[in-house]
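Worksheet for the structure shown next.
As the structure lists them, so they are numbered: ligands from 1, and atoms in each ligand from 1. Atom set for the values below is all heavy atoms of this structure, side chains included, hydrogens, waters and symmetry mates excluded.
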Amino acid sequence: MATVQQLEPIPTPARPRSMNGSSHDMDVDMDGAMPRSRARPTFGSGPQRGDTRIVAIMYSPGHHKIVSVFAEVLGKPSRLKAGFDSITSTDQDFVIGILADQAKADVTRRDRGLVVAIHAHCVNLGMPPDTLLSAECDYEFLYTDTPFFRRDLSRFTSHVLGQLNHHETLMAKPRTYFISTTFPDVSAALPNLDILTVGADAVEIRVDLLKEPLGDGNFAPIPSLSYVGEQVMLLRQRTELPLIFTTRCTAENGRFPMDNPNLYWEYLYRAIQWGVEYIDVEIWLPDSIRKKLYEQRGSSRIMSAFHDFSGTFKWPSRHAEEVFLKSREYADIVKMIAIINDHNENFELEYFRSKIRSEYPDSPPLSAVNMGETGQFSRTLNRVFTPITHPLLPIIAAPGQMSAAEINQALALLGQLPKKSIYGIGSSSSRTAASQAPFYEKCFNELGLPHQFASVERQPRSTALDTWCNQRNFGGAYLNPPVSYNSIVGSSPFFQSVNNGAGPILTEAARVIGMIDTIMVQSGSSSSASSAPASVPSSPRHRHAGSYGTHGSTTSNHPPNTSLIFDNASWRGILSTLTRDLAPSAYFGRAAVVLASSSDDAASVIYALKALRVGKIYTVGFKTPLTLARDLPIEPFNSLESLQRARMVGTNDSASPFVVVSALSAEKSNIVGMLVRVFGSRGAGTGNKGKVFLDLADGSLPRKGDPGLVAEQSGFAAYGAADVTAFTTVETLRLLVGQNVPYSFVRLASGRGLY
Ligand SMILES: O=C1C[C@@](O)(C(=O)O)C[C@@H](O)[C@@H]1O
């Protein structure tokens, strides 16, 4: 008989706060001994249920297919209706399609508490879209049908419905940057976008700098909404980074005219409808407009903007504080930027920053820099959304802007980014860590980081790991393959001695998963931008003598007040892969099958599936540890009968497996292929990619058959280890060096080396 393990709920723990005052997505466990049965995981800023209203898609004639793609992305069936009036609560489990012409009749009087209205317009049909629908819809999705970017639709949907939240994750990072693109036409940027965005956490589109050709050799005085919409669409199709939508006014080094403030509302509100993540709202705009945008922002975040070019602005003044207080009324981030005359004014800004932090601790994060060469120093010190440029951009967006590499080089020169040794630690059985070395070196180089990267091999039962991690200049490591907490700490006097004998600090993911793939270093003085998140709290057990006492015979070589943090990045790689083409809700409540030969191999998969709120997991080949099984029905397939039962439940039944993840090695491919066939869609071969298959086996190793191919033939959308490795690398770089390197760059720059 199959067993179902169900465990009692346990209260959610209090969460640490970041420097910015936002909660951090890396909850940490301060206990050194591997805690087995503690609080229920929170998954940091992981997937949320979000907006649960009925989604209605307004589509153009001949474009009904977009309705089923939305439905697939959301994990629901679709049905077409003649108008909003006929939508009732019985449609809750469907995505509704309404022909645009019919929608126009009743879109205005729709029940906004019941329905969220999305206008899907294919730009190949011409621009602008229907003006009434654009104005009346909640959101507007602009797309091309050839090529169609499924990833863009999935990201748009996850964002506007509030299922994924970039902002919380970004504000938890110790430093964030955005690149100000200054192209008159973003098409020019697209070929280089991957490289341009290395080191950036978001991409700003300077709408006021766009130049819309009028066809007679002239350009529109301001780009039309049609042109801007297409430009935003093009950019979003090519980058996974959040966008910042900026209409900079003429008085602040921009080109947007100031005579009609309503024009700003029109463009900025449309950007919210397009699902742009950040909206730059200048504070000279009337309060009524700022308030309205703030209230209408949905899942977007408002970055209030203030620039002073007069040369008379003073950070220590009452005026500066008033600007901050006015800004924060309608802002999720406050941006203040000024021209200064003297280098000392950079220190005045630092004083202002710390005063704001201590006097208004609950305010939105402050992003503040000075312009001009004199102000560059402040660009190295600002930690929240520092604007950056890149040598490949046509012009810089503001005087004194620096690139990510220049900022890092300056930090290194100032002693704020000390040179560290960072290790890629492999094992004798897997050469993956070593093959990633050239990629990491390339990234460090591109980002101007002073660190040295070394790839090393860990022998079972050797003490080499202790030696690498106990070097004075140790800056962190990734472990590929991951190693269990117990095998790292169990027999190591060094790791047992850290944090005055409490052992390494564990993030929530590391504690629950029990497998460690990232070791970060956090220095107590924490001015280093180089490594672990500043938001990880110091251990209460830290003493002045340093976190690594002299426990047993082990002496720490690290500077005082240094902590080691153990994390797991793989689960995020898995989560990002599974949500690349689907919104998280496609997984909510559905059943999953996990194949692995040990619970260690399955742990990060199960954690990611739990973050995706799956309803049940069938397991094959391992026993799920209690920490992972908590709050979720787990049913091992331990007989043909149990397998047959799961296979026979109706496809619309939530117990019918929707996602299959295999962590079995390449030589077991034939078994994987067989199981995938068992759970394949009945309508396989019809091109219906309803279900999801993820194969974590190393694709470069010889194997008997390709389960991915079998999966595709059986109606699955198939993903492989290369996707997960690339997404995990993005996460690892964030954790180790605090820098964002987009997925597309990882895929581009790593060649075949990563896999
Ligand atoms: O607000 C800012 C900051 C900025 O003005 C700078 O000083 O780098 C550049 C602008 O593009 C951006 O919108």
Side-chain angles (χ1 to χ4, degrees), residues 175-184 186 189 196-197 199-211 223 228 231-232 235 241-256 258 264 267-268 271 276-285 290 300-311 313 315 323-324 327 331-340 345-346 349 353 364-407 410:
R175 277 176 180 268
T176 39
Y177 300 91
F178 71 87
I179 179 144
S180 317
T181 62
T182 50
F183 292 97
V186 298
L196 271 173
T197 52
D201 296 280
V203 182
E204 176 183 52
I205 174 162
R206 278 288 299 268
V207 172
D208 57 297
L209 297 183
L210 294 174
K211 289 176 104 180
V228 176
Q231 295 276 306
V232 168
L235 198 53
L241 295 181
L243 300 191
I244 302 172
F245 186 96
T246 304
T247 46
R248 186 68 64 239
C249 70
T250 46
E252 300 190 5
N253 203 32
R255 299 210 185 123
F256 234 62
M258 300 173 75
Y264 288 78
Y267 278 66
L268 299 177
V276 174
E277 288 82 354
Y278 289 97
I279 313 295
D280 180 297
V281 180
E282 297 180 339
I283 68 154
W284 67 270
L285 286 166
R290 293 171 53 229
S300 301
R301 293 292 168 260
I302 303 293
M303 192 185 269
S304 113
F306 164 84
H307 285 74
D308 192 310
F309 282 85
S310 67
F313 181 83
W315 290 106
V323 168
F324 176 80
S327 305
D332 298 292
I333 293 178
V334 173
K335 187 165 59 177
M336 290 177 67
I337 297 181
I339 285 275
I340 52 162
E345 292 175 76
N346 289 314
L349 165 54
R353 209 190 296 282
L366 171 67
S367 169
V369 298
N370 290 321
M371 284 180 283
E373 223 172 284
T374 322
Q376 284 187 324
F377 182 60
S378 67
R379 293 185 185 257
T380 68
L381 297 181
N382 179 59
R383 286 173 175 264
V384 180
F385 268 143
T386 305
I388 52 171
T389 184
H390 192 279
L392 290 173
L393 285 170
I395 50 169
I396 50 166
Q401 257 196 349
M402 300 160 83
S403 66
E406 283 169 337
I407 291 180

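- Remark: distances from the non-hydrogen atoms of H307 to ligand 1 include one below 4.0 Å.
- Short contacts between ligand 1 and R379, defined as distances under 4.0 Å to a heavy atom of the residue, involve ligand atoms 6 (C), 7 (O), 8 (O).
- Among protein heavy atoms, the minimum distance from atom 1 (O) of ligand 1 is reached at K335 NZ, 2.8 Å.
- Each of the atoms 4 (C), 5 (O), 6 (C), 7 (O), 8 (O), 9 (C) of ligand 1 lies under 4.0 Å from some heavy atom of A398.
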Chi angles and distances behind the side chain to side chain contact (heavy atoms under 4.5 Å, CB included) call for V232, V207 = CA-CA 9 Å; V232 168; V207 172; 5.6 Å; no
Decide side chain to side chain contact (heavy atoms under 4.5 Å, CB included) for I333 and R301; before the verdict, give the C-alpha distance in whole Å, the side-chain angles of both, and the deciding distance to 0.1 Å.
-> CA-CA 8 Å; I333 293 178; R301 293 292 168 260; over 6 Å; no
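- Contact record, M371 with D308: CE-O, 4.0 Å, taken as the closest heavy-atom pair.
- Interface of Q401 with ligand 1, defined as ligand atoms under 4.0 Å from a residue heavy atom, comprises 6 (C), 8 (O), 9 (C).
- Interface atoms of ligand 1 facing E204, defined by a heavy-atom separation under 4.0 Å, are 10 (C), 11 (O), 12 (C), 13 (O).
- With contacts defined as side-chain heavy-atom distances shorter than 4.5 Å, the pair L235/F183 does not qualify.
- The side-chain heavy atoms of L381 and N346, taken from C-beta on, include no pair separated by under 4.5 Å.
- Not a single N or O atom of T246, backbone or side chain, sits closer than 3.5 Å to an N or O atom of ligand 1.
- Of the protein's non-hydrogen atoms, the one nearest atom 3 (C) of ligand 1 is I337 CD1, 3.3 Å.
- Put simply, the side chain of L349 does not reach to within 4.5 Å of the side chain of N382, judged on heavy atoms.
- Close contacts of ligand 1 with R248, meaning ligand atoms under 4.0 Å from a residue heavy atom, involve 1 (O), 2 (C), 12 (C), 13 (O).
- For F178 and Y278, the ring centers are positioned 6.0 Å apart or more.
- Per-residue contacts place S180 under 4.0 angstrom from the following atoms of ligand 1 (heavy atoms of the residue considered): 9 (C), 11 (O).
- By the criterion of a heavy-atom distance under 4.0 Å, neither the backbone nor the side chain of E282 is placed next to ligand 1.
- Shown in contact with A397 at under 4.0 Å from a heavy atom are these atoms of ligand 1, numbered in order with element: 9 (C), 11 (O).
- Between Q401 and S180, the closest heavy-atom pair is NE2-OG, 3.0 Å.
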